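Below is one structure; the comments refer to it alone.
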Amino acid sequence: MILKIFGAATVVVCCSLLGIRCAGAYSRRVKTLRALVGTLTVARSEICDLLSPMPELLEMLSKTAPAPARSFWRDCDAAVRAGMSFPEAWTYAAERLAHVDQKSRDVILALASVMGRYDAEAQRDELTRAVNALEDALREAEAERASGGRTCAALGVGVGVMLAIILV
Amino acid sequence: MDKLNDKYDEAAKVLPEEIRAHALFLPDGDKSAAEEFRLRCGRPPTALIRGVEKPLCDIRVTQSMLESVVSAASSASRHSVAECLKKGFVTAPGGHRIGLCGTAVVRDGRIESIRNVSSVCVRIARQIIGVSNGLIERLSDNAGRPLGTLIISPPGDGKTTLLRDLVRAFSTRGVRTAVIDERGEIAALSRGEPQFDVGPYTDVLELAPRAEAVACVLRSMAPRLIALDEICTETDAEAVGTAVGSGASIIATAHASSMEELKHRSALRGIISSGAFKRCVAIENKSGKRTYRIGDI
């Protein structure tokens with residue numbers, strides 16, 4: 001009997017964790033998109049208002065960006081230091097970026113051919129477009145988190161309990 | 001020799017990889033005497049050594065190679081060098097000036113940028129400490145204050161090198177000096193720190209238009225000496241006038257082979273007659289050996 005109770009509890013806990021993890025993916029996507037919007041806005045100001053060169057911008061953001069986006073800037077910085085051209089480094093970092101959907105990734109990838117290549121105003125236009133697109137994606141992700149996140153967590157716990165009842 | 005070659009190697013960093021390998025393979029003697037790299041689309045790259053352009057290899061320069069030079073020199077940040085591009089150059093890390101030719105992008109009759117780069121000239125910036133030894137006394141008054149000095153020579157004969165060393169020497173003697181480094185060649189600031197020794201009491205304002213920069217340093221830094229490189233326009237003349245009116249001395253350079261030639265240039269005639277400069281240093285370059293001739297203005 002004790003073994004059955006232990007087994008049932010394990011099933012409930014595992015299913016709940018799966019549900020919570022699934023819900024966490026929604027949250028991570030929101031956090032990553034929010035951090036990307038924030039850091040791209042900073043990048044836009046640095047490039048367009050202060051005319052900061054890319055190596056300085058990458059170094060700064062790889063140290064100061066919020067955690068979900070920091071890996072992106074750090075990867076890009078490391079790739080440039082390793083000798084990659086800027087578009088290659090940007091593409092490399094964007095492809096390694098976790099917790100974003102393909103549409104948002106494409107928005108960031110599209111910047112590879114623009115960043116550092118044109119004058120400040122042309123870059124401002126493209127960065128503004130990218131920030132707007134990512135803000136749209138962020139709103140979608142927040143809505144999905146609100147509905148899908150709770151559903152996943154509840155589903156995980158519910159399925160776990162049901163399985164436990166059936167198995168016991 | 002090592003330091004001279006270090007600057008050569010540093011300048012070579014902007015070259016495309018396949019050409020850089022050949023450039024770095026030159027004998028040490030040629031490296032230390034090299035003044036420029038020149039890359040022209042469809043032609044082999046050359047190095048200017050002792051006044052003669054020598055091919056570095058048989059590789060034909062392509063346009064993408066030239067674009068890679070611009071990208072390397074600007075640290076992939078065209079927006080940071082947009083103002084320089086309008087004037088046909090970019091300054092690479094280390095103060096190496098890279099002149100550009102190609103198709104000019106013209107708007108309202110003014111060059112906005114250069115696209116389809118067709119040739120580049122990488123001038124290897126070198127500091128020769130002590131090159132101004134023996135000149136300082138003659139360019140100072142009895143109290144040791146610097147006199148207004150104009151350094152003249154044809155392009156590539158070492159005006160900037162002499163100017164940089166005069167700045168270092170006066171600053172080392174305690175003269176508070178402001179360097180208006182419009183092209184980033186004199187001090188070569190990197191994250192605020194000069195890459196060349198410009199002395200302990202020197203303030204540098206780089207990449208700013210000269211007239212505005214002079215007014216700015218006069219307001220904020222109260223210099224006793226202001227250094228300007230390559231004055232040539234009416235606005236440069238205004239900049240000199242502003243500085244002289246404030247009591248600061250000026251050391252400047254200008255392209256000219258003689259004072260007589262300089263006097264024929266309308267933009268500078270006024271400055272010369274204004275009394276802003278008391279001395280003129282003419283650089284004579286004979287097969288790479290420079291001599292300095294000082295005269296009164």
Side-chain angles (χ1 to χ4, degrees), chain A residues 40-64 72-73 75-94 108-130, chain B residues 12-18 20-21 62-87 90-95 98 100 104-108 110-117 182 184 188-193 195 205-209:
Chain A
L40 283 176
T41 307
V42 172
R44 183 177 57 191
S45 300
E46 284 285 329
I47 291 169
C48 305
D49 301 330
L50 298 179
L51 304 178
S52 301
M54 289 305 181
E56 286 178 26
L57 173 72
L58 293 179
E59 191 184 328
M60 184 194 80
L61 288 174
S62 64
K63 286 177 187 160
T64 61
F72 168 74
W73 296 104
D75 286 346
C76 195
D77 186 34
V80 166
R81 283 174 197 271
M84 273 192 199
S85 70
F86 189 83
E88 286 170 345
W90 185 272
T91 304
Y92 165 78
I108 296 163
L109 280 169
L111 291 172
S113 58
V114 179
M115 298 282 278
R117 188 171 159 73
Y118 298 106
D119 66 17
E121 285 315 302
Q123 291 187 67
R124 187 194 296 276
D125 293 345
E126 290 304 316
L127 279 163
T128 301
R129 204 167 301 162
Chain B
K13 279 185 188 165
V14 300
L15 298 177
E17 210 170 336
E18 52 271 55
R20 193 189 316 147
T62 63
Q63 216 207 356
S64 67
M65 288 180 184
L66 297 176
E67 290 291 344
S68 80
V69 173
V70 179
S71 180
S74 63
S75 304
S77 312
R78 277 215 174 208
H79 55 277
S80 302
V81 298
E83 283 301 313
C84 297
L85 282 174
K86 288 180 187 176
K87 294 168 192 160
V90 186
T91 306
I98 296 173
L100 308 169
V105 180
V106 180
R107 222 168 271 150
D108 300 327
R110 301 186 69 171
I111 295 176
E112 280 292 307
S113 188
I114 292 175
R115 64 182 171 82
N116 293 336
V117 177
E182 198 188 18
L189 287 187
S190 173
R191 304 196 179 193
E193 190 176 343
Q195 299 304 291
L205 181 57
E206 71 167 9
L207 307 183

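Proteins get letters first, then strands, A, B, ... in listed order; numbering begins at 1 in each. From a predicted model like this one, the values you see are computed outputs, not experimental measurements.
Among the residues in residues 41-58 of chain A, those with a non-hydrogen atom closer than 4.5 angstrom to a non-hydrogen atom of chain B are A:I47, A:L51, A:S52, A:P53, A:M54, A:P55, A:E56.
With hydrogens and angles ignored, the 3.5 Å screen pairs a side-chain donor or acceptor of B:T62 with a backbone N or O of B:M65.
The pair A:D125-A:R129 fails the salt-bridge criterion, with no side-chain N (NZ, NE, NH1 or NH2) lying under 4.0 Å from an Asp/Glu carboxylate O. Salt bridge annotation for B:R191-A:E59: present, with a cationic side-chain nitrogen under 4.0 angstrom from a carboxylate oxygen.
Under a cut-off of 6.0 angstrom, the local environment of NZ in A:K63 is sparse, with at most 12 non-hydrogen atoms contributed by other residues, nucleotides or ligands.
Counting only residues at least two apart or in different chains, salt bridge (Lys or Arg N to Asp or Glu O under 4.0 Å) contacts with residues 63-76 of chain B comprise B:E67-B:R78.
Of the N and O atoms on the side chains of B:S77 and B:S75, not one donor lies less than 3.5 Å from an acceptor on the other residue.
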